[in-house]
Amino acid sequence: MPKRAHATEGLEEGKLHPAKRLRASQASPEAVVEANSSQFTGTETVTSSATAGERPSITTVISWNAETSAPFLDTHPRKLASYGITSSATKGDKPNVLRQLITRHHFPDFVCLQEVRGRHGDTEWIAALAAAANGAEGPKYKAYTSLNRATRGARHFGVVTFAKDPSQVAVAREVEWDVEGRVMVLEMHDGWALINVYALNGSEYPWVDQSAPNKPTGKTRNQRKREFNKLLLEEVKQMQARGLRVVLIGDFNISLTKRDCYPRLRTEYPHALARKEFNEVVIPQAGVVDIFREVHGDKKGFSWFAKGKPQGTDCARVDYALVDRSLVDNVAEIAYLEDQEERAHSDHAPILLKLRDMDKIEQLD
DNA sequence: ATGCCAACTAAGAGTTGA
């Protein structure tokens, strides 16, 4: 049975609506201004190829494995009422680090979070999460959540994609093959799709299918991890067959090559096999590119930093953007926001991705 | 290089996370 995301009312599935296409340059004037400023990123901005007098429209995406959303919301009902769900710039005397991230980066068009750790039925919690991106000033984001369907146990996994301009979104949906809250798909009127992913962290513990929690699957989480990646590949192929260009972003829990790890790549069999399949099957068959490597070559870049250790002594690049080959020339910037301030409480650094002219991509259909 | 740990849920132990 199809599972609908939370904020998808009024959206039709399956078909895009080119007639309703919206120019991103009209929708996001802040993003266009931001294209000329790398003040907060500390990275070089790729020079625009636009001709003089023509300013490229820029779509900015930030992806962050927040590890937990607790620091920017409060799930206790009394606390929710006390600060009011519409005003979450601060939670009590604690700063809202999500709001700070979004503000510091001039209100990106999309914000993808992973490991937000809520359950599908947590109505008040979901309202608090949706409110956490919005303050008194700035745009009001719409939140599209995919959350664990489990009714028992700890709150784990969960992704949310915040959209500054929901009118760009033709379809917001989860996927048929996941009930853990690991994938949020936004299909845009402009012919591309933003896929927010929190892939499995492998282990030899059994994998429990939360759609039938009492029935043993006979699979380990390492096995399900590889199965998840194959299912994601099939999902991508189906979307491409419908004419969509894909941008996958999030935490894939796989380091792709030796240079993506310090001090060393995990070479134990389950990790090595998952990596091999991802590199040799998933990425090539999906026709996507690890855009950080494409743009920056061998440059160091890490997205995960071991807790309790000095930064840089134990780290890996497991979060990345996998961009459709046909969109490589649309990429204006890709960077990891590795500073402690950017990571806040999380052991993961946010990813900053800027795409130009996404309102002008060639329609395949 | 994780799981001896820490955090979480939900009422005791089980699950998760580079």
Side-chain angles (χ1 to χ4, degrees), chain A residues 63-77 113-122 124-125 128-129 147-159 178-182 197-217 219-226 228-229 250-279 300-320 336 338 343-351:
Chain A
S63 175
W64 182 35
N65 182 331
E67 204 199 0
T68 169
S69 49
F72 48 83
L73 51 83
D74 197 320
T75 56
H76 195 288
L113 301 183
Q114 301 87 37
E115 279 199 79
V116 295
R117 301 196 181 190
R119 275 196 213 130
H120 182 71
D122 295 341
E124 283 177 294
W125 184 96
L129 178 69
L147 301 171
N148 198 344
R149 249 75 177 174
T151 52
R152 284 185 55 80
R155 285 169 168 76
H156 281 297
F157 325 130
V159 299
D178 172 68
V179 296
E180 293 182 341
R182 295 184 177 276
V197 177
Y198 177 55
L200 270 82
N201 179 15
S203 79
E204 284 302 304
Y205 287 104
W207 175 68
V208 178
D209 180 357
Q210 291 299 339
S211 65
N214 298 319
K215 193 175 138 201
T217 60
K219 294 171 193 161
T220 67
R221 290 165 52 81
N222 279 320
Q223 289 171 321
R224 174 62 184 178
K225 172 177 182 157
R226 289 161 45 218
F228 175 96
N229 293 339
D251 180 356
F252 293 88
N253 269 315
I254 291 177
S255 290
L256 298 174
T257 67
K258 223 165 31 173
R259 62 197 162 176
D260 297 314
C261 276
Y262 187 87
R264 70 167 192 87
L265 204 59
R266 299 202 299 200
T267 50
E268 299 76 11
Y269 172 73
H271 303 304
L273 181 58
R275 177 183 311 114
K276 183 179 166 66
E277 284 186 358
F278 205 70
N279 275 322
K300 274 186 193 169
F302 298 106
S303 71
W304 172 85
F305 302 87
K307 286 178 186 166
K309 295 183 183 176
Q311 176 139 335
T313 59
D314 190 356
C315 50
R317 193 171 69 91
V318 293
D319 305 75
Y320 30 87
Y336 291 97
E338 297 184 18
R343 285 201 280 134
H345 59 279
S346 178
D347 49 356
H348 291 256
I351 306 170

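The structure presented is a predicted model; accordingly, all values stated were derived computationally and were not measured. Each chain gets a letter, A, B and so on, in the order the sequences are listed, and its residues count up from 1. Basis for what follows: all heavy atoms, side chains included, without hydrogens, waters or symmetry-related copies.
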J.: Of the nucleotides B:dA1, B:dT16, B:dT9, which has the atom closest to the A:Y205 side chain?
T.: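 Nucleotide nearest to A:Y205's side chain: B:dT16.
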J.: Please measure how far the C1' atom in B:dT15 lies from the corresponding atom in B:dA10, and state the result in whole Å.
T.: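 Their C1' atoms lie roughly 13 Å apart.
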J.: NA contact type, A:F305, heavy-atom cut-off 4.0 Å: base, sugar-phosphate, or nothing?
T.: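 Nothing, no nucleic acid heavy atom in range.
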J.: Give the rounded distance in Å between these two atoms: CG of A:D347 and P of B:dA7.
T.: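 The answer, rounded to whole Å, is 12 Å.
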J.: Using the side chain to side chain donor-acceptor pair (under 3.5 Å) rule, take A:D209 and A:S211 through it: C-alpha gap first, then chi angles, then the decisive distance, then the call.
T.: CA-CA 5 Å; A:D209 180 357; A:S211 65; 2.8 Å; yes
J.: On DNA chain B, compare the nucleotides closest to A:H156 and A:T68; which residue's is nearer the 5' end?
T.: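 Its nucleotide being nearer the 5' end, the pick is A:T68.
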J.: Side-chain N or O of A:R152 versus OP1/OP2 of B:dA10: is the shortest distance under 4.0 Å?
T.: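 For A:R152, the contact criterion (side-chain N or O under 4.0 Å from OP1 or OP2 of B:dA10) is not met.
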J.: Main chain of A:E338, side chain of A:Q311: is a donor-acceptor contact present, judged purely on distance under 3.5 Å?
T.: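 Confirmed, A:Q311 side chain pairs with A:E338 backbone.
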J.: In whole angstrom, give the distance that lies between atom NE2 of A:H271 and atom P of B:dA1.
T.: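 Computing the A:H271:NE2 to B:dA1:P distance gives 10 Å.
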J.: Starting at CD of A:E67 and ending at C1' of B:dA6, how long is that distance when rounded to a whole Å?
T.: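 The answer, rounded to whole Å, is 10 Å.
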J.: Is there a donor-acceptor pair closer than 3.5 Å between any side-chain N or O of A:S303 and the backbone N or O of A:V318?
T.: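 Yes; judged by distance alone, with no hydrogens or angles, the pair exists.
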J.: Given the C1' atoms of B:dA11 and B:dA1, what is the spacing between them in whole Å?
T.: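 The answer is 34 Å between these two C1' atoms.
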J.: Going by atom types only, do A:E277 and A:N229 share a side-chain donor-acceptor pair under 3.5 Å?
T.: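 No, no side-chain donor-acceptor contact under 3.5 Å.
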J.: Is it true that the side chains of A:E115 and A:N65 contain a donor and an acceptor less than 3.5 Å apart?
T.: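 The answer is yes; a qualifying pair exists.
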J.: Heavy atoms from C-beta onward define the side chain here; which of B:dT16, B:dA1, B:dC8 lies closest to that of A:R264?
T.: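 Of the candidates, B:dA1 comes closest.
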J.: Hey, does A:R119 reach any base, or is it just sugar-phosphate, or nothing, if we go heavy atoms under 4.0 Å?
T.: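 If one applies the 4.0 Å heavy-atom cut-off, A:R119 turns out to touch the sugar-phosphate alone, with no base involved.
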J.: Roughly how many Å is it from CD in A:E180 to C1' in B:dT15, rounded to a whole number?
T.: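 Interatomic distance, CD of A:E180 to C1' of B:dT15: 12 Å.
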J.: Take atom OH of A:Y262 and atom C1' of B:dA1, then tell me their distance rounded to the nearest Å.
T.: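 A:Y262 atom OH is separated from B:dA1 atom C1' by 14 Å.
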J.: Start at the 5' end of DNA chain B and walk down; is the nucleotide closest to A:R317 or to A:T151 reached first?
T.: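 It is A:T151 whose nearest nucleotide is closer to the 5' end.
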J.: Expressed in whole Å, how much space separates the C1' atoms belonging to B:dG3 and B:dT16?
T.: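 These two C1' atoms come out 10 Å apart once rounded.
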J.: Roughly, in whole Å, what's the span from CD in A:E204 to P in B:dT16?
T.: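 So the CD-P distance, A:E204 to B:dT16, works out to 13 Å.
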J.: What is the distance, rounded to the nearest whole Å, between atom CG of A:L200 and atom P of B:dT15?
T.: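 So the two atoms are 15 Å apart, to the nearest Å.
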J.: Roughly how many Å is it from NE2 in A:H345 to P in B:dA6, rounded to a whole number?
T.: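 Interatomic distance, NE2 of A:H345 to P of B:dA6: 19 Å.
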J.: Base, sugar-phosphate, or nothing: which does A:C261 touch, judged by heavy atoms less than 4.0 Å apart?
T.: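 Base, at least one base heavy atom under 4.0 Å.
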